[in-house]
Every structure is written in structure tokens, then in C-alpha cells.
Amino acid sequence: MTDATPGTVRLRATLESIPRYVAGKPAAEQPGRTTYKISSNENPYPPLPSVLQVVQDAMLSMNRYPDMGTVALREAIAQRFDVDADQVATGTGSVGLLGTLLQITSGPGDEVVYAWRSFEAYPIVVGLSGATGLQVPLDGEARHDLKAMADAITERTRLVIVCSPNNPTGPAVRADELEEFLERVPSDVLVVLDEAYLEFNHDADAADALAVWRSHPNVAVLRTFSKAYGLAGLRVGYCIAHEQVASALRTAAVPFGVSHVAQQAAIASLAAYDELDERVQALVAERDRLLIGLRDLGYPVPDTQANFVWLPLGDKTLDFAAAAEAAGVVVRPFAGDGVRCSVGEVEATDRLLQVAADFANRAG
């Protein structure tokens, strides 16, 4: 028997072209100063006491497998949104479900259409499926160009992703433009409305995703407990889809993917949503303060309906991110495009606005 030669295992060639996901950078400690991480769109509030108690109780049975069918959680979601439990599928965050949606719809030779820049996991999950991603540039207001996205659909298209509000730029898709778009999408192409930031959306003209879903058999709605509900560390999301798609999602799901702790925390969070919503509204108010403050400084910040703002800084992106980090507030740069700044503590907003003011003064 001979020793194995390193690097000779045959891996899928598609891995060579798949970008690596870049997580939000943590805030390093600085002597004598509190630092803030606003790079990952996390909810800055700690867990509600009622949810935390449920999590602690659920941990007592961590030696047992969770309910693979997530029956109680799906029933709670169904009751909350007035749908059937059979129309709900759950997964390890919305990105986990998106990966499964790709598995059940797309493969080599197929195409997936989505806006760009949008959620950076899209090219990863599309690439892993073997399908070809077609990235349609955002318009001049950092919004989805739905007419161009419709033009990009071909007979090879199997899936279209619409991110509303869009991560990382912030605008939500309007109801009228989405309806016009869906009229042009073939009935056998699945359209996924990714609403990870739904709860922060106050745009009166934004599409009502569930109403759209009810009237379109080829639409599915993707949501998460990571943002508004503050369960990012537990990895649980859900998809509301018509039964054909929802059933396929449950069939293709990783067995026992959503832990018992995550299931129980999500159920408790749904029950406590009125209390959680007070936090959401406080974050919306802080978001608006940050948005106005940045615009007052001369930054062309687009409208945002999420828990973050977007600074289209172009080739100044990395310089701004470095200045923010030096000041003890870590943002999320996208080199050559811009910086996404999550809404965090009031003090984090104050710090970021000071960084933005100093940076503008130096640049001016």
C-alpha cells in the first residue's frame, strides 16, 4: 500500500468558480472605548426573558433528536400567517431553505435570475446547484430592475430570486412593479420573494408578499427568525409555498436540520411578537435617524426598508471601512461598491455619524 498523494481527490469542478461567503467582521476590543459590530445585520437586543427561558428548558433534552417534521413550529407559523401547515417548510435560516429550493428546481444547464448587487449567498447556492446564475444590475436608485430581470428570463430559467428589502442596498420592491413582472414570468418558473427584513419594512407601496403568493401558484415566500426575532445564532427560517413546492422542500431537507432549541425558540418568539415588535420599531426609528444624518452629511444613501443603510462609496469603500474600524465601529465593506452599516445601539449610530462626518471633511 502506498501513501496517498495530497490533493488528488476528485472534487466538483464548479467549486473553483464559487465565491467564498465573507461574514461580517467582529469588532476588536480597544482600550478605554466600547466598540460596536454593525457589519452583520444582527439584532442588537438580547433575547427576551420569556424566549430565553424556553431555550434553557429546551436544552435539557438536547440528548434527543428534534422533531424532524417541525410540526409544532409549522403549525405556529401557519396560525400566525393564516396559511395551512402543509404550505410551510422550515430550514436552517432562509439561506438554508434557499439552498434546498435550488436543489428541487435547478441543476446543470438551468439558469437562475437575480439582481446584483444583492445577498452575497445567492451566487454561492446557485453555483453549488450546478446552475448558471444571471446577475441583473440594480437600477440607479439601488433597486431591483424588474423589467431587465424579466428580459433575462429564458426557456432555461428555473428560478428567479427577488430580495425585498434588498440586501445590502435597502429598497423594497413595489407592489405594482412586482405584479407587472410576474405577468411576464412563465408559470413553470418559481419566483422566490426573499423577505429576510420584512418586519422593518414601512413602505406603504411595497408588495404584500403573502397576497402575491396567494394569487400566484409559482411564487414562494422566504423568511427568517434571524433578524427581527433575534435568533441569528440558532439558524431557523421558513418558506411559505404552495403545497407542491412546500412538500418538495420538506422531502429534500437535511434530516433533523432545525434543532429542538431553535424550534422552541421560534415558537416562543412568535408568541411574544408584540413585545419583539417594540424593539423592531425602535430599530426603525434609529435607522431613520442614521439615514437622515448621513444624507445631511451629503452621502447619497438610497431609501432603506431594512435594518441597515447603504453607502455607495465606490473606490472609497475600503478607506471608509478602515476609518470606521479605527474609530471602534465595524461596518461591512463590498470593495469597489459600497459599505453596508447595520442599525445597532444608539451609541453605534452616534459613532458612525461622527466617522462619516470626519471622512467627508477629509475627502472634501
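Since the model is a prediction, treat every value here as computed from it, not as a measurement. Computed over heavy atoms, backbone and side chain alike; hydrogens, waters and symmetry mates excluded.
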Minimal non-hydrogen separation, [X] against [Y], with atom names:
| X | Y | value |
| --- | --- | --- |
| Val51 | Ala265 | CG1-O, 4.0 Å |
| Lys227 | Phe200 | CB-CE1, 4.1 Å |
| Val280 | Glu199 | CG1-O, 3.4 Å |
| Val112 | Ala131 | CG2-CB, 4.1 Å |
| Ala348 | Ile38 | CB-CG2, 4.1 Å |
| Asn218 | Pro186 | ND2-O, 3.3 Å |

Are [X] and [Y] side-chain neighbours, meaning at least one heavy-atom pair lies under 4.5 Å?
| X | Y | answer |
| --- | --- | --- |
| Val331 | Tyr36 | no |
| Leu276 | Tyr229 | yes |
| Asn167 | Phe308 | yes |
| Val219 | His242 | no |
| Ile124 | Pro19 | yes |
| Gln264 | Asp57 | no |
| Asp110 | Arg156 | no |
| Asn43 | Leu283 | yes |

So if you build clusters from Ile, Leu, Val, Met, Phe, Trp, Tyr with side-chain heavy-atom gaps below 4.5 Å, do [X] and [Y] land together?
| X | Y | result |
| --- | --- | --- |
| Leu290 | Leu311 | yes |
| Leu134 | Leu182 | yes |
| Val88 | Leu73 | yes |
| Val126 | Val245 | yes |
| Val236 | Met62 | yes |

Once you measure the plane-to-plane angle for [X] and [Y], does it fall in the parallel (<30°), tilted (30-60°) or perpendicular (>60°) bin?
| X | Y | answer |
| --- | --- | --- |
| Phe225 | Tyr238 | tilted |
| Phe119 | Tyr21 | perpendicular |
| Phe320 | Tyr299 | perpendicular |

Taking [atom1] in [X] as the centre, count heavy atoms belonging to other residues, nucleotides or ligands within less than 6.0 Å. Is the count above 12?
| X | atom1 | value |
| --- | --- | --- |
| Glu29 | CD | no |
| Glu347 | CD | yes |
| Arg20 | CZ | no |
| Glu141 | CD | no |
| Glu155 | CD | no |
| Gln281 | CD | yes |
| Arg64 | CZ | no |

Between [X] and [Y], is there a donor-acceptor pair closer than 3.5 Å when you use the side chain of the first and the backbone of the second?
| X | Y | result |
| --- | --- | --- |
| Gln87 | Asp84 | yes |
| Asp208 | Ala211 | yes |
| Thr157 | Thr154 | yes |
| Ser118 | Tyr114 | no |
| Thr304 | Val309 | no |
| Thr169 | Ala142 | yes |
| Thr35 | Ala28 | yes |
| Asn361 | Ala357 | yes |

As a quick check of understanding, evaluate salt bridge (charged side-chain N to carboxylate O under 4.0 Å, His left out) for Lys147 and Glu180, giving each step before the final call. CA-CA 9 Å; Lys147 291 182 179 179; Glu180 291 178 6; 5.3 Å; no

So how far is it from Ser342 OG to Arg287 CZ, rounded to the nearest 0.5 Å? 13.0 Å

From Leu178 atom CG to Ser164 atom OG, the distance as rounded to the nearest 0.5 Å: 8.0 Å

Measure from NZ or CZ of Arg223 to the centre of the six-membered ring of Phe81, then state whether that distance is under 6.0 Å and the direction lies within 45° of the axis. yes

Report yes or no: do [X] and [Y] form a side-chain donor-acceptor pair below 3.5 Å?
| X | Y | result |
| --- | --- | --- |
| Asn166 | Arg117 | no |
| Asp194 | Tyr122 | yes |
| Tyr197 | Gln305 | no |
| Gln30 | Arg33 | yes |

Identify whether the distance between the nearest side-chain nitrogen and carboxylate oxygen of [X] and [Y] falls below 4.0 Å.
| X | Y | result |
| --- | --- | --- |
| Glu42 | Lys37 | yes |
| Arg74 | Asp67 | no |
| Glu177 | Arg143 | yes |
| Arg184 | Asp151 | yes |
| Arg174 | Asp205 | no |

The residue among Val173, Val162, Leu210 that forms side chain to side chain contact (heavy atoms under 4.5 Å, CB included) with Leu193 is Val162

Val160, Ile161, Val185 screened by side chain to side chain contact (heavy atoms under 4.5 Å, CB included) with Met149, the one that passes: Val160

Using the salt bridge (charged side-chain N to carboxylate O under 4.0 Å, His left out) rule, take Asp319 and Arg362 through it: C-alpha gap first, then chi angles, then the decisive distance, then the call. CA-CA 11 Å; Asp319 290 339; Arg362 290 197 299 271; over 6 Å; no

I would like to know whether Asn41 and Arg332 meet side chain to side chain donor-acceptor pair (under 3.5 Å); could you show each step before the answer? CA-CA 9 Å; Asn41 297 343; Arg332 176 68 173 88; over 6 Å; no

Please assess Thr132 against Glu111 for the test side chain to side chain donor-acceptor pair (under 3.5 Å), listing each intermediate value before the final yes or no. CA-CA 5 Å; Thr132 299; Glu111 294 176 347; 5.9 Å; no

Begin from the C-alpha positions of Arg235 and Ser226 and carry the test side chain to side chain donor-acceptor pair (under 3.5 Å) through to its verdict. CA-CA 7 Å; Arg235 311 309 305 129; Ser226 294; 2.9 Å; yes

Yes or no on side chain to side chain donor-acceptor pair (under 3.5 Å) for His216 and Glu183, after CA distance, side-chain angles and deciding distance? CA-CA 10 Å; His216 293 274; Glu183 289 177 1; over 6 Å; no

